[in-house]
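Some notes on the structure that comes next.
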Amino acid sequence: QSTLPQPSAPPFAVTPEDGQWSIPQKNFASTRYSDLSEINTDNVKSLQVAFTFSTGVNKGQESAPLVVGGTMYVLSPYPNILYALDLTRPGAPMKWQYNPKPAAAAQGVACCDVVNRGPTFANGRIFFTTLDAHVVAVNAETGEEVWKTKLGDINRGETMTMAPLVAKDKVFVGISGGEYGVRGWIQALDANTGQSVWKAYNTGPDQDVKIGPNFKPFYDSDKGKDLGVTTWPADAWQQGGGTVWGWLSYDPDLNLLYHGTGNPGPWNPNQRPGDNKWTAGIFARDPDTGEARWFYQTAPHDLHDWDNINELILLDMEWEGKPRKVLVHPGRTGFLYVIDRTTGEVLSAKPFHALTAVTGVDLQTGRIQYNSEKEPVNNRVIRDICPTAPGAKDWNPSAFSHKTGLLYIPHMNMCMDWESVEPNYIAGTPYVGAEVRMYPGPGGHMGEFTAWDIREGKELWTINERFPLWSGALATAGDVVFYGTMDGWFKAVHARSGEVLWQFKVDSGIIGQPTTYRGPDGKQYVAILSGVGGWAGAIVSGDLDPRDGTAAKGFANAMRELKNVTTKGGTLYVFKLP
Ligand SMILES: O=C(O)c1cc(C(=O)O)c2c(n1)C(=O)C(=O)c1cc(C(=O)O)[nH]c1-2
């Protein structure tokens with residue numbers, strides 16, 4: 001056991017617990033930690049169902065149930081219906097529902113099921129994205145639409161699935177469609193009007209990327225003029241991906257917004273020699289202007305679809321005797337990055353997944369080291385590549401306990417075979433260029449739930465799961481950590497030992513984000529949506545034929561048995577002590 005002080009949450013993340021859960025990340029530091037402790041390691045075994053609610057949609061349910069005041073907000077996958085439930089009345093009856101009526105054709109260009117990662121609350125309004133690339137603001141009290149802004153074109157493969165982040169009267173959102181050659185961007189909208197305030201692309205000329213005199217990346221390979229053009233074959237940046245569909249964090253003290261960028265398009269790396277800036281990395285931007293401050297590329301010239309949009313957890317810690325403001329990031333590449341969030345310097349990058357395709361990260365240059373034997377070659381099957389295209393972990397967020405100082409990471413243990421083929425770009429159609437088949441990694445299980453010591457850079461304990469973990473994690477002051485499995489178990493584990501203290505079998509597989517709150521009766525509740533789907537569960541939610549291993553871009557090969565253990569669903573479960 002380390003005797004050094006553990007990392008801690010920065011002051012802006014440790015505001016007094018108000019018993020609410022108003023944004024999916026819980027706070028701007030994205031710790032997904034609640035100070036509530038009524039439910040603890042002794043009594044969690046008595047948890048029972050308080051109420052349930054059907055979203056009416058049998059597709060993958062990724063969104064986080066929110067609680068503000070006496071109201072719970074639940075957002076369904078496409079058609080993205082927002083429900084308000086009245087927690088002050090027995091059974092939490094519906095107060096209202098709001099249907100943004102997204103275009104049905106959006107379903108045809110969504111890469112990975114028709115999911116949505118959640119609404120977010122600020123200043124009396126709920127904000128969320130729709131699959132047909134609109135952002136809406138709804139009055140949280142009445143359910144009336146305040147504004148609705150169209151930001152993308154589904155005919156070009158542009159969709160939206162992410163949860164916006166609202167800060168400084170701005171709504172920060174990005175576009176999905178990296179598998180359709182969409183040119184990725186992030187935008188800030190005026191929270192009051194829905195009008196665009198700034199827009200920054202993640203490929204192309206510096207001006208479009210909002211790179212100017214204040215851009216100070218830490219590593220040399222990110223320095224130079226118009227790298228978003230020159231690190232691509234001619235014009236390829238225009239269909240270059242680098243979308244923004246994952247998690248945003250915000251440091252109000254440094255006044256920096258952090259966001260990841262998705263994979264370069266197409267997947268086939270032989271089509272795009274070069275570093276492919278500014279895809280597969282992390283940007284720090286000025287939230288007022290969008291101006292880039294630093295960038296770190298986790299996968300220069302990405303070989304295997306390693307979008308870098310996973311959660312960015314902001315912590316304060318001592319590093320080699322000096323206090324550092326860090327950003328902790330479990331990447332698709334399989335490394336747990338600890339990055340100085342003021343400068344973009346990588347302090348540590350330690351593997352949390354069995355790796356064959358990468359050997360390490362050079363801390364001098366910041367560059368990942370690829371194993372040349374696993375690099376794609378056109379029309380040749382390369383076998384035993386770990387991690388897979390969805391990475392060592394995908395979008396489903398980790399939680400940091402302010403009490404144990406540990407990070408709880410829901411992730412995968414998988415490998416794949418990959419054959420690169422030449423794709424053609426046709427707007428609005430898939431632009432991928434790879435035939436993939438995934439399968440379990442060493443040990444035969446596909447999911448792992450890991451407690452990670454950030455300072456030591458190693459795991460403390462791990463729970464193996466049969467299927468990949470596609471649900472988020474929740475950490476609480478009761479020293480209980482929650483997550484769900486794709487075969488439908490909602491689990492509570494001891495934050496220090498990893499002992500499973502309680503589990504409950506829900507109606508369908510879980511790929512949602514657990515949240516907790518104090519109800520109007522003063523009691524602590526825990527909420528989770530069930531309903532299998534997303535990329536990993538598309539075999540069930542999308543009725544795919546298990547005989548086709550390449551379906552769902554090769555995920556179906558690993559998930560054939562999911563059809564034998566779960567069916568579609570879309571149900572909110574809320575638990576409490578008796
Ligand atoms: O490049 C993109 O624009 C993009 C978008 C999305 C999405 O919006 O859901 C996913 C991905 N990529 C992706 O690579 C991925 O692994 C993924 C998993 C999921 C999911 O919800 O299960 N979505 C997405």
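Sequential numbering from 1 along the given sequence is applied to the chain's residues. Read the numbers this way: they start at 1 and go in the same order the structure lists the ligands and their atoms.
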Please check if any side-chain donor atom of [X] sits under 3.5 Å from a side-chain acceptor atom of [Y], or the reverse.
X      : Y      : value
Trp232 : Gln238 : no
Asn116 : Thr129 : yes
Asn80  : Ser76  : no
Asn270 : Asn268 : yes
Thr450 : Thr462 : yes
Trp470 : Asn396 : no

Cation-aromatic face contact Arg32/Trp247, 6.0 Å, 45 degrees: yes
TODO: Tell me whether the guanidinium CZ or amine NZ of Arg183 lies under 6.0 angstrom from the six-membered ring centre of Trp237 and within 45° of its axis.
DONE: no
- prompt: Does any N or O atom in Pro390 lie less than 3.5 angstrom from one in ligand 1, N or O only?
  reply: no
Considering heavy atoms of the protein only, find what lies nearest to [atom] and give residue, atom and distance to 0.1 Å.
atom                    : answer
atom 7 (C) of ligand 1  : Thr161 OG1, 3.4 Å
atom 21 (O) of ligand 1 : Glu62 OE2, 2.6 Å
atom 19 (C) of ligand 1 : Cys112 CB, 3.6 Å

What atoms of ligand 1 come within less than 4.0 Å of a heavy atom belonging to [X]?
X      : result
Thr243 : 1 (O), 2 (C), 3 (O)
Val115 : 21 (O)
Asn263 : 1 (O)

Check [X] against ligand 1 and report side chain, backbone, both or neither, counting heavy atoms closer than 4.0 Å.
X      : result
Arg117 : side chain
Met162 : neither
Ala536 : neither

To the nearest 0.5 Å, atom CD of Glu561 lies from atom OG1 of Thr566 at 13.5 Å
Among Phe555, Trp535, Trp245, Tyr180, closest by heavy atom to atom 24 (C) of ligand 1 is Trp245
Out of Asp394, Asp305, Asn396, the nearest non-hydrogen contact to atom 16 (O) of ligand 1 is supplied by Asp394
Sub-6.0 Å ring centroid separation between Tyr73 and Tyr83
no
Run the contact test for [X] against ligand 1 with a 4.0 Å cut-off on heavy atoms, strictly below, and give the result.
X      : answer
Gly262 : no
Arg332 : yes
Gly177 : yes

